[in-house]
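Structure, as structure tokens:
All values below come from the heavy atoms of this structure, side chains included, with hydrogens, waters and symmetry mates left out. Lettering of chains follows the sequences in order, A, B, ..., and the numbering in each one begins at 1.
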Amino acid sequence: MDNVTAYLEASLAGVPASEALSQYKLKMTDVLSDRADELTHSGLRDQKVLMDLLKSEYPDLRADFEAAQTQPKKARGIEHGRLLGIACTAIYFIAVGILYVTVSLLTHRWSLTWLLPAAGVTLWLEWLFGLRIEKLVAKRRVFHPTARTLLAIGVLLLFLFAFLCSAFLFRMPRSWLLLLWGVIAMLLADAAFGLALREKLMILNILVYIPVLAALVFLVLGLHGILPWTPSWVLMPAALLLDLAIIAVRLLRHKKEETEQEVADAWSAD
Amino acid sequence: MERRLNAELWDKMHYLFRDYNDRMVHVELTYDFRIDVEALRTVLICFFEKNPVFHASFTDNHVSPYWTVKPYRIDDVVHVREVTEAELPAAVDEFLTQCLPPEGDLQMQVMVFFHGEKTTLCIVENHMCMDGGDFKTFLSAFCKNYNDYVENGVSPLDFRVGSRSYETVYQSFSPQEQKAAKNLYRNINKKDTHAFPLTKSAKEDRSFIARRRISAETFLKIKSEGKKYGATINDMLTAAYFYSLYELAGFDPNESLTISSAIDLRRHVKDTEGMGMTNHTAWMQCEVPERGRDIFETLQYCTRSYARFKQDKYMGLHGLPLLSFGYKIMPLAVSEPIIKIGYSNPLIAMSNIGILDVKALALCGHEPVDGFMSGAVKYKPFVLLSVTSMRNEMTFSMCVRGNDEDKRIVERFFDLLEKNIGVLIGDAPAAE
């Protein structure tokens, strides 16, 4: 304990005394003492080695303290931003609620006006997903699958709202086909997003998406009556052929790169 | 809060090998003085703190496995026993043939046997944590830290720490070379169904370590005679291994045979600074198209086969991206059985661990007087011949889980190996 205090005092010597410094010292005394207890429990009896090990784990307490001082400002900024976001969301939903009640009372078409809050919720979710996707994309690659999942959900939500409008507002026949269009759009969006992000092994996703998309397009266009069933089934084998062509091109390109590397090696060997 | 470590590619691979071996790496070092156990404990605690994987428990959660760092007491790692010279061999064997479960809290066990004024230091560690290459690095660092601590009071903190990722082997390559190496998806190793002629597996089988010492005089002759044939020590030993196997197992001399030889992938890395303790070992296959008229022809085949491999700039790196890909895209429960189908674990293998440098392994000015290192205890029909040398004395070791008959077979194999080495170096007449 004395050693820990001495190390803390020596490391933070020259830092102007403040409430923050006192609190930091108290916090670090606990952290270092707990760690020292842990090492003693493991069987480390030599106090000099124990302190050296602690010092190697916490080599620059001064820099750590200074970094900790800037963090509360950042944390306060984040907290303010969060509160503002919550307030704006509340105002938005109140506005949507007022709009819904007003329009409903004026038109007396309660069976349709519920689409207004549905539109409000969809818009809010899309905005929320957009913000989250932007943050996730800026992070490491490991977060990209979550961003892609959010994008897929976002696209599906848009088509779900379009389906609700089509079915209840416009009463269009076969409105449910919009849900299938949603899946098609979701796959296309994911492929484009993955390629834009230069995701590793995206080609494998695309190889899977192509036949699935072909089958969906065949089904949807057939159900819409835009394409006759009989010749358009060709879409599916064509998709498989396209897959094979992509594989062949990739293999050829890979082979070419290998050959170029061998040639480069042969030159550099000389 | 629970501290977790990522299970790296090689951790998962060695976990997969649980069906083929006990995943333990063993070392035995004998010193002609009584080492300071308290100092040894202090040095080991520092090593464990720098490399927490050694006090971590492996969790196979079927999706993505991980290590959980556990609290420990060094007294559960380091054990001390006084034995007589007569008791020592059995006690050492008993200690070295233990198997540490990866789900346990400790991945290393150390035993200090005091016999008279001598000390025999035995260490067993989980191969999932590090291979023979890093085990040698650890031993050298351990001895250096021990010496600095005991002689000069310097705290033993000089241990290499860093990334345990398999991708660190690419770090010395140029961007273009890295791209090429990371595209080596094809597994170039072939499957060979020839097996070492051990008995069938049985419940009663027990782990044992068979050893054979080769004198310094013979070792130096292998080196000098090898030079005459343009062969390395490894080529000479592999030729003797092949020839002895044909003889022992009665394989048709016209049949092709393959022995896989372990290669250290750190050969591709110029500076190992920043690399953590881990595994970086792959297999290189040495294939002879037939036994050959005599052992000298076998040696020619071996030299040629190894030379072909050595020409490859990316030696040992083939198939690594595929393994990584397999583990990345599938949960462990699915990737393991699929990788097992595609991965052919060699039935007959050799690991030339190399020199145990007595200067690097000296403790307080006392160089080890004896010692060896060996790979995991293999489950039949798999076998691995480990080779280490110390003061130019070579030790062959084969760790097998088997019965007394298997022990006799392995001893007979060592006899043949010695005889054939004798033929190669001109100490014994050729049989035919």
Once you round to the nearest 0.5 Å, how far does [atom1] of [X] lie from [atom2] of [Y]?
X	Y	atom1	atom2	value
A/S42	B/D76	OG	CG	10.0 Å
B/I45	A/T40	CD1	OG1	9.0 Å
B/E49	A/L53	CD	CG	6.0 Å

Item checked: Interface moiety of B/F48 toward chain A, non-hydrogen atoms closer than 4.5 Å -> neither
Note to self: So which atom in B/I74 and which in A/G43 form the shortest heavy-atom distance, rounded to 0.1 Å?
What the structure shows: CG2-CA, 4.0 Å
Item checked: Pairwise side-chain contact, B/K50 with A/S56, heavy-atom cut-off 4.5 Å (strictly under) -> yes
Check: With side chains defined as the heavy atoms from C-beta onward, is the minimum distance between B/T42 and A/L44 less than 4.5 Å?
Finding: yes
Notebook entry, point to check: Do side-chain atoms of A/K48 reach the backbone of B/V154 as a donor and acceptor pair under 3.5 angstrom?
Noted result: no
Next item on the list: For the pair B/R73 (side chain) and A/H41 (backbone), establish whether a donor and an acceptor sit closer than 3.5 Å, ignoring hydrogens and angles.
Entry: yes
Item checked: Positions in residues 240-247 of chain A that reach chain B, provided some heavy atom is under 4.5 Å away -> none
Report, as yes or no, whether the 6.0 Å neighbourhood of atom [atom1] on [X] holds more than 12 heavy atoms from other residues, nucleotides or ligands.
X	atom1	value
A/K135	NZ	no
B/E82	CD	yes
A/R250	CZ	no

Item checked: Per-residue contact mode, A/L204 against chain B (heavy atom under 4.5 angstrom) -> side chain
Next item on the list: Output the residues of residues 155-171 of chain B for which the shortest heavy-atom distance to chain A is under 4.5 Å, in residue-number order; output 'none' if no such residue exists.
Entry: B/S155, B/P156, B/L157
Notebook entry, point to check: Among A/R45, A/M51, A/E57, which has the most heavy-atom pairs under 4.5 Å with chain B?
Noted result: A/R45
